[in-house]
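Down below is the structure, laid out as structure tokens.
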Protein chains: 2
Amino acid sequence: MAVLRRTLVRSAPITGRKGSASMALPASTKPLRADAERTVRTILEAAERVLAANPAATMEQIAEAAGVARTTVHRRFASREALITALAAWATQRFHDAVEAARPDTAPPAVALHQVTANVLRVKIGWGFAMGALPTDAPEVARVHADVLAQCERLFARARDAGLLPADADLDWARRVYYALIHEAAAQSPDTDAAMDALASRVVDTLLHGVGKPATP
Amino acid sequence: MAVLRRTLVRSAPITGRKGSASMALPASTKPLRADAERTVRTILEAAERVLAANPAATMEQIAEAAGVARTTVHRRFASREALITALAAWATQRFHDAVEAARPDTAPPAVALHQVTANVLRVKIGWGFAMGALPTDAPEVARVHADVLAQCERLFARARDAGLLPADADLDWARRVYYALIHEAAAQSPDTDAAMDALASRVVDTLLHGVGKPATP
DNA sequence: ATGACTTGCGACATTGATGTTGCAAGTATC
DNA sequence: GATACTTGCAACATCAATGTCGCAAGTCAT
């Protein structure tokens, strides 16, 4: 009962109770038909929207927002939990891509910092619920988060070595402040790319220099 | 189990039940017996603990954590929603007191900033759920939050005028960063008073100067 | 065009949480 | 010590959400 089912997306009609376990994104089973795949995405997008507004939303509300029947949601996702898990997996993939795209391990720290910020911000605005407050015990999701965490730590270490941070900086605190700032900034939901970049700049600037008056003796 | 079920945002709050409007606050009715008052506090504290760990916890879990029968919880709080509301009201009071105690309107900005931070941190650690992620439509709660917000804005304005912040600082952004930092810091849960003050110092320092290397050419 | 797949709809079973009530036994308060 | 309150227990009643199933009608792929 408490066992979270690994069944994320049903690729075939459900037969038994706990039988059909099809893996997450790289669906190892059968490719869905075009229309079915579209439905899955529609449902995921609706779920993000609805759950962001109300984390306790029912399957029916999600179905309604997606413009499908409730039974269809259950046909595609074995359970409510499976839907949430799939949602997390989906968003996590985007998250990972966003970080990767910034080449945080090779680009100059200052550049990477800005780029990562902007990219992650973009994802977080569209998939805030899926990324945020959900206890991801999921197998694949946790791995990606750990991976991103490691990349983040490496980036901060490089930033320190490059002189952006003091030599004795508490990198863990720095990282957490960074996360918090991104989280806060994501609430702004800028509409244009320019606003996006401006926001990212503001996050990085605040991270490095705070909001106080620079000391000018 | 689904970890994210019913928050208080039930989208369909309308049950056939007639409005059994028994107010949550100990205000207008009779003073409870010493007995009962203690149970109320015990339940509130248990609720905070349990709900912080799992926002979708059931009344039964809360009752169990409080060491009372489930029916007793229902006797003291008309409904789940009433319990949450009472919890929010209780925590909000603490919050308000914490801010007031720092005399943010009269103490020197730098002092007030540190004091407010430390005080609020203390409350937020013990009553994190009640203060945090809950859409308090409650009448009294919203008022207090608005009040604190105003105090915070005044404090930041004074800080700017005192030269702590640049003259053209975006006070709204500053305040939001401040909130975010406090929220993040509260996750640390320091045990001693010394750690408490150290954490507050760190928050204020980070707020003003960030985590970057100070420019010293 | 044919066959396989997908969806909406209606109906059903199940479960878990909520909220009530009555009563006996225990406690505070005067 | 009498009275009024409070609690635990056990038994209800209710209800909303989940999850299943079969079938008819529609859609996709080849």
Side-chain angles (χ1 to χ4, degrees), chain A residues 1-2 4-5 7 9-20 29-43 46-47 50-51 54-64 66-85, chain B residues 1-22 24 26 29-43 46-47 50-51 54-64 66-84:
Chain A
M1 30 242 25
L4 52 137
R5 251 175 282 186
T7 317
V9 178
R10 283 173 158 158
S11 53
I14 350 82
T15 54
R17 207 86 173 106
K18 347 182 143 176
S20 56
T29 34
K30 297 173 183 161
L32 292 170
R33 218 171 73 176
D35 53 355
E37 190 125 28
R38 193 149 12 119
T39 315
V40 169
R41 288 195 47 172
T42 306
I43 292 174
V50 173
L51 291 173
N54 172 16
T58 68
M59 297 291 264
E60 191 145 29
Q61 291 175 279
I62 295 171
E64 187 186 356
V68 301
R70 187 177 64 90
T71 48
T72 298
V73 178
H74 277 106
R75 232 181 254 124
R76 290 298 153 218
F77 303 94
S79 68
R80 188 178 200 275
E81 210 159 338
L83 171 58
I84 306 266
T85 305
Chain B
M1 286 299 166
V3 190
L4 262 188
R5 291 318 321 287
R6 339 201 156 291
T7 50
L8 71 152
V9 220
R10 240 167 177 155
S11 44
I14 8 77
T15 55
R17 299 272 137 247
K18 60 174 180 180
S20 61
S22 83
T29 35
K30 288 136 206 171
L32 292 170
R33 219 169 74 173
D35 227 4
E37 190 123 29
R38 194 152 10 122
T39 348
V40 168
R41 287 195 46 172
T42 306
I43 293 173
V50 173
L51 290 173
N54 172 15
T58 69
M59 298 291 264
E60 192 146 28
Q61 291 174 277
I62 294 171
E64 188 186 356
V68 300
R70 186 177 65 91
T71 47
T72 298
V73 179
H74 276 107
R75 235 183 250 116
R76 292 294 153 223
F77 302 93
S79 69
R80 189 175 200 278
E81 210 158 338
L83 171 58
I84 306 264

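Just so it is clear: chains get the letters A, B, ... in the order the sequence lines come, proteins before strands, and each one is counted from 1.
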Checklist outcome for this item: Winner on side-chain proximity to T39(B), out of dT18(C), dT7(D), dT7(C), is dT7(D)
Does [X] have any salt bridge (charged side-chain N to carboxylate O under 4.0 Å, His left out) partners at least two apart in sequence or in another chain, and if so, which?
X	answer
R38(B)	none
R75(B)	none
R41(B)	E45(B)

Next on the checklist: Less than 4.5 Å apart, side chain to side chain, heavy atoms only: is that true for F77(B) and I84(B)?
Outcome noted: no
Send over the distance from [X] [atom1] to [N] [atom2], rounded to a whole Å.
X	N	atom1	atom2	answer
L32(A)	dT6(C)	CG	P	7 Å
H74(B)	dT6(D)	NE2	P	18 Å
E60(B)	dT15(C)	CD	P	17 Å
R80(B)	dA17(D)	CZ	C1'	15 Å
E64(A)	dG8(C)	CD	P	13 Å
N54(B)	dA17(C)	CG	P	11 Å
E37(B)	dT27(C)	CD	C1'	16 Å
I43(A)	dT7(C)	CD1	C1'	11 Å

What distance do [X] atom [atom1] and [Y] atom [atom2] have between them, rounded to the nearest 0.5 Å?
X	Y	atom1	atom2	answer
R70(A)	M59(A)	CZ	CE	8.5 Å
L32(A)	T39(A)	CG	OG1	9.0 Å
L51(B)	T58(B)	CG	OG1	9.5 Å

Next on the checklist: So, does T72(A) get its side chain near the phosphate of dG8(C), meaning an N or O under 4.0 Å from OP1 or OP2?
Outcome noted: yes
Checklist outcome for this item: Terminal axes of the helix from dA1(C)-dT30(D) to dC30(C)-dG1(D) (5 end pairs apiece), angle rounded to 10 degrees, sit apart by 50°
Checklist outcome for this item: Heavy-atom contacts, protein to nucleotides 22-30 of chain D, under 4.0 Å, summarised as B (base), S (sugar-phosphate only) or - (none) per nt, yield B---BBBS-
Item to check | side-chain contact (heavy atoms from CB on, under 4.5 Å) partners of A69(A), counting only residues at least two apart | outcome: T71(A), T72(A)
Next on the checklist: Quick check: on DNA chain C, is the nucleotide nearest G67(A) upstream (toward 5') of the one nearest R70(A), or the reverse? Name the residue that is more 5'.
Outcome noted: G67(A)
Next on the checklist: I'd like to know whether V68(A) forms a side chain to side chain contact (heavy atoms under 4.5 Å, CB included) with T42(A), so could you lay out the CA-CA distance, the side-chain angles of the two residues, the decisive distance to 0.1 Å, and finally the verdict.
Outcome noted: CA-CA 9 Å; V68(A) 301; T42(A) 306; 5.5 Å; no
